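Written below as structure tokens is the structure these notes are about.
The sequence lines fix the lettering, A, B, ..., with proteins before strands; numbering per chain opens at 1. Note that the coordinates shown come from a computational prediction; the quantities given were computed from them, not determined experimentally.
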Amino acid sequence: MTRETAAGAPVSIAARARAAVAPPPAAYLEGLNPEQRRAVEATDGPVLVLAGAGTGKTRVLTTRIAHLIATGRARPFDILAVTFTNKAAREMKERIGALIGPAGEGMPWLGTFHAIGTKILRRHAELVGLRSDFTILGTDDQLRLLKQVIAAADIDEKRWPARGLAHAIDGWKNRGLAPEQVPAGEAAAFGFGKGGPLYAAYQDRLKSLNAVDFGDLLLLCLRLWRENPDLLGSYQDRFRYILVDEYQDTNVAQYLWLRLLAQGHRNVACVGDDDQSIYGWRGAEVDNILRFEHDFPGAVVVRLERNYRSTGHILAAASTLIAHNEGRLGKTLRTEAVAGEPVTVTGAWDSEEEARLLSEAIEGLQAKGHPLAEIAVLVRISAQMREVEDRFVQLGLPYRVVGGPRFYERAEVRDALAYLRVTANPADDLAFERIFNTPKRGLGDATLQALHGLSRRAGVPLLQSARMLVETEELKPRARSTLRALGQSFARWAKLLEDQPHTEVAQTILEESGYTEMWQKERTADAAGRLENLKELVRSMEEFPDLGGFLEHIALVMDANDAEGGDRVSLMTLHAAKGLEFDTVFLPGWEHGLFPNQRALDESGRAGLEEERRLAHVGLTRARKRAKISFAVNRRIHGMWSSTVPSRFIDELPEASVAVIEAPAGYAQGPSRFDRQAPPFGSSYATPGWQRAQAATAGQQDSYGRGAPAAARRGPRQIDGTLVAKSTGAAAAFEAGARIFHTKFGPGLVTAVDGNKLTVDFDKAGRKMVLDSFVQPA
DNA sequence: AGCAGGTAATTTTTT
DNA sequence: ATTACCTGCT
């Protein structure tokens, strides 16, 4: 048995002796290939496992944990194992359970970054000025709070939308920046230089509400540890072994979080694939993986390159494609599987024909006995789904859309939760505000203003000021009685909670508040589904002992119960497909502008192109036996038909593994039909978007070349760029009198500038208000 | 307060 | 084409 013991990472003598005396039978090690086995057995010291698609990444992770436990190196609670999604965490739990039985079930520190952050934060909440029962705010609560903060600062919310501020704050939090750490220039980019104070004010409001947002779950841990070295030491000590899944997706905050913890025993194993990094746009830092060896000197690097999923042709296509990327560590996927069917490329006249061909191909497979559950259609953007769905519905082909809005983010679920939150915690102002006029009960802005005023003066929560306000003459009689009834209802429901099961109380609340009725009356197509969701919500409460327990965990753990069984085709975005695999994968919409996506190119230049290419690589490697790429020569973009050019990615596939399929339809005009329909590939690079992408790339290379400060060079660069372009840059770039070019309206003259909104006299379209992000200097 | 009609925007999404 | 948001009217 090999044992790498890095200097400075002592393994307890007892553990070592025990492992030496009684080598485990290690049935779980059987069937691992040599690299996988190395990744499992290199237990001590830093390890980076570069696991290409389909190389048994999860197996290595779970076996590694089993190995640590079975050899006595660690007990389940000594191991910290972090994932990004609850789904991944659940899967890992299950697989560990299967490997080593119930011993693995007690892994208290296996979970998402945020779940573990929450757990730690609840234990020491008072050290960062919170109570341990703090609320975790979702995106919509965050937005509502930000609106208040912006209004309180006397800033026009129309000029500086809360969304923009939310985006900026998320970006800062992703980079581990507390308000006082945000670079002055960036903080000034929002709201006439008030970005910094607004961020600080937002944090103050959160604190006074005893609430945190998702970013805080990590950020506050960092603060906790920095301000309390003893505490940090105890956690460093506690986590003898650390494992990280999907390391390429970590952002700076998560990286700092990990690095602090890993400095204890230094037994940190990160598993990831730089070629599958597709979340750069939300703060993920490929650099984290690229620089692992630098951060953890002496790290063992294991490459898993044996692919057990796909056939030779599919793998060749994916590998050749991804080899066009420059910023990668480099892996060569190999397989012993047969070459199989070549990857097909099909051109269609338009997107409708593309959907038709695709559906027919699926029906063909179905006729030959292929299960639909083994077929997936992966699209670049959600908007592509509609056309495919339409076709499926027409044909009666069963399908399921994977992803989409999460269960707990649906409006009806948030509303219902808001009722429950106010009942459980009458001081939850954000929840109260959400439902105080839902269903419509004739309470509006005027009433809300009065409530807010009183709340502020008296220093009490909204619900309490409502009860006070109805005793005065301030409100009109109608609002007064409505509000009184609402206050009484919440008091009654809270009382019910004392002696009735919480699920029943929830049911009562939804009925008595008129919320259920509101949806029953609504005769839209999805009303029934919403009622179903409400039922599901109540049902899911049963697993929790009480309402408090339910609410505490809901924001973090609740998932869509997409247990819809049955044999169905899966339809999803490429992003949603990561980690999944199917026998047959359809990849429609490989057209320049759509995929690679124009916006990604515009915003991030070559880095954007490379991320798009990784996305293509992820798409291809989802397929076990068949990958079917297609594109349309004409597509409706924003309701307008325009002709399109096949994606450059198609040209980057290896000839030997690709078969070009002629559409059997009546449009067939010869072997190179789509070559003639579409302009030659070269010409697409003359588009304004491509030129902008080129320019952006050149700019980036310059900043690399000149050796800009590290902070400016890495991923934040992208965030910087966006902020500057959208705000400071805008004010400077577009002044009244400037000639500009708008994406939709063409050339025009700027007559007024209002934050990120411009008033423009267009040559053709007349005077319009437009957002600066749709405008280029002419 | 609440609806109707007009106008502009439209990538990817977890926690 | 569809949606989300804003404005102006009842």
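Along DNA chain B, the nucleotide nearest to A:Ala600 and the one nearest to A:Arg441 differ in position, and the one closer to the 5' end is contacted by A:Arg441. Residue-to-nucleotide proximity on DNA chain B shows that, of A:Gly442 and A:Arg380, the 5′-proximal contact is made by A:Gly442.
Here B:dT13 presents its C1' atom at 8 Å from NE2 of A:His575, a figure rounded to the nearest Å. In this structure, CH2 of A:Trp257 is placed 15 Å from P of B:dT15, rounded to the nearest angstrom. Here the C1' atom of nucleotide B:dT14 and the CD atom of A:Gln248 are 14 Å apart, to the nearest Å. Taking atom CG of residue A:Asp216 and atom P of nucleotide B:dT14, one finds them 20 Å apart after rounding to whole Å. Distance, A:Ile278 CD1 to B:dT12 C1': 8 Å, rounded to whole Å. Protein atom NE2 of A:His167 is 12 Å distant from nucleotide atom C1' of B:dT12, rounded to whole Å. Nucleotide C:dT2 holds its P atom 16 Å from the CE atom of A:Met640, rounded to whole Å. Distance CZ (A:Arg163) to P (C:dC5): 7 Å, rounded to an integer number of Å.
Proximity note for A:Arg636 (side chain, C-beta onward) versus B:dT15, B:dT13, C:dA1: the nearest is C:dA1. Between C:dA1, B:dT13, B:dT15, one nucleotide has an atom nearer to the side chain of A:His638 than all others, and that is C:dA1. You'll find that the side chain of A:Lys440 is closest to B:dC3, out of B:dT13, B:dC3, B:dT11. Taking the side chain of A:Arg599 as heavy atoms from C-beta on, and the options B:dT11, B:dT15, B:dT12, the nearest nucleotide is B:dT11. Here B:dT11 is the nucleotide among B:dT15, B:dT11, B:dT13 with the atom lying nearest to any side-chain atom of A:Asn597. Residue A:Asn437 has its side chain nearest to B:dG2 when only B:dT13, B:dG2, B:dT11 are considered.
A:Arg391 is linked by a salt bridge (charged side-chain N to carboxylate O under 4.0 Å, His left out) to nothing, counting only residues two or more places apart in sequence or in another chain. Residues satisfying the salt bridge (charged side-chain N to carboxylate O under 4.0 Å, His left out) criterion with A:Glu389, sequence neighbours excluded, are absent altogether.
Taking atom C1' in both C:dC5 and B:dT12, one finds a spacing of 23 Å when rounded to whole Å.
Within the nucleic acid shown, A:Asp213 has no heavy atom closer than 4.0 Å to any nucleic acid atom. Within 4.0 Å of A:Ile637, counting heavy atoms only, lies no atom of the nucleic acid at all. The residue A:Arg386 sits close only to the backbone: its heavy atoms come under 4.0 Å of sugar-phosphate atoms, none of a base.
OP1 and OP2 of B:dT15 both lie 4.0 Å or more from every side-chain N or O belonging to A:Thr139. Contact annotation: A:Asn86 reaches the phosphate of B:dT15 (side-chain N/O to OP1 or OP2, under 4.0 Å). The shortest distance between the side-chain N/O atoms of A:Asn251 and the OP1/OP2 oxygens of B:dT15 is not below 4.0 Å. Residue A:Thr112 places none of its side-chain N or O atoms closer than 4.0 Å to OP1 or OP2 of B:dT14.
Relative ring orientation between A:Trp225 and A:Trp257 is described as tilted, the plane-to-plane angle lying within the 30° to 60° band.
With hydrogens and angles ignored, no donor-acceptor pair closer than 3.5 Å exists between the side chain of A:Arg282 and the base of B:dT12.
Annotation: cation-pi geometry satisfied between A:Arg122 and A:Phe134 (NZ/CZ under 6.0 angstrom from ring centroid, within 45° of ring axis).
Between A:Arg614 and A:Asp274 there is no salt bridge, since none of the side-chain N atoms of the basic residue sits less than 4.0 Å from a carboxylate O of the acidic one.
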Walk me through whether A:Phe631 and A:Trp590 qualify under ring-ring contact (aromatic ring centres under 6.0 Å, His included). CA-CA 5 Å; A:Phe631 63 88; A:Trp590 283 41; 9.9 Å; no
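Residue A:Phe113 and nucleotide B:dT15 are not classified as a stacked aromatic pair, given the requirement of ring centres less than 5.5 Å apart at an interplanar angle below 30°.
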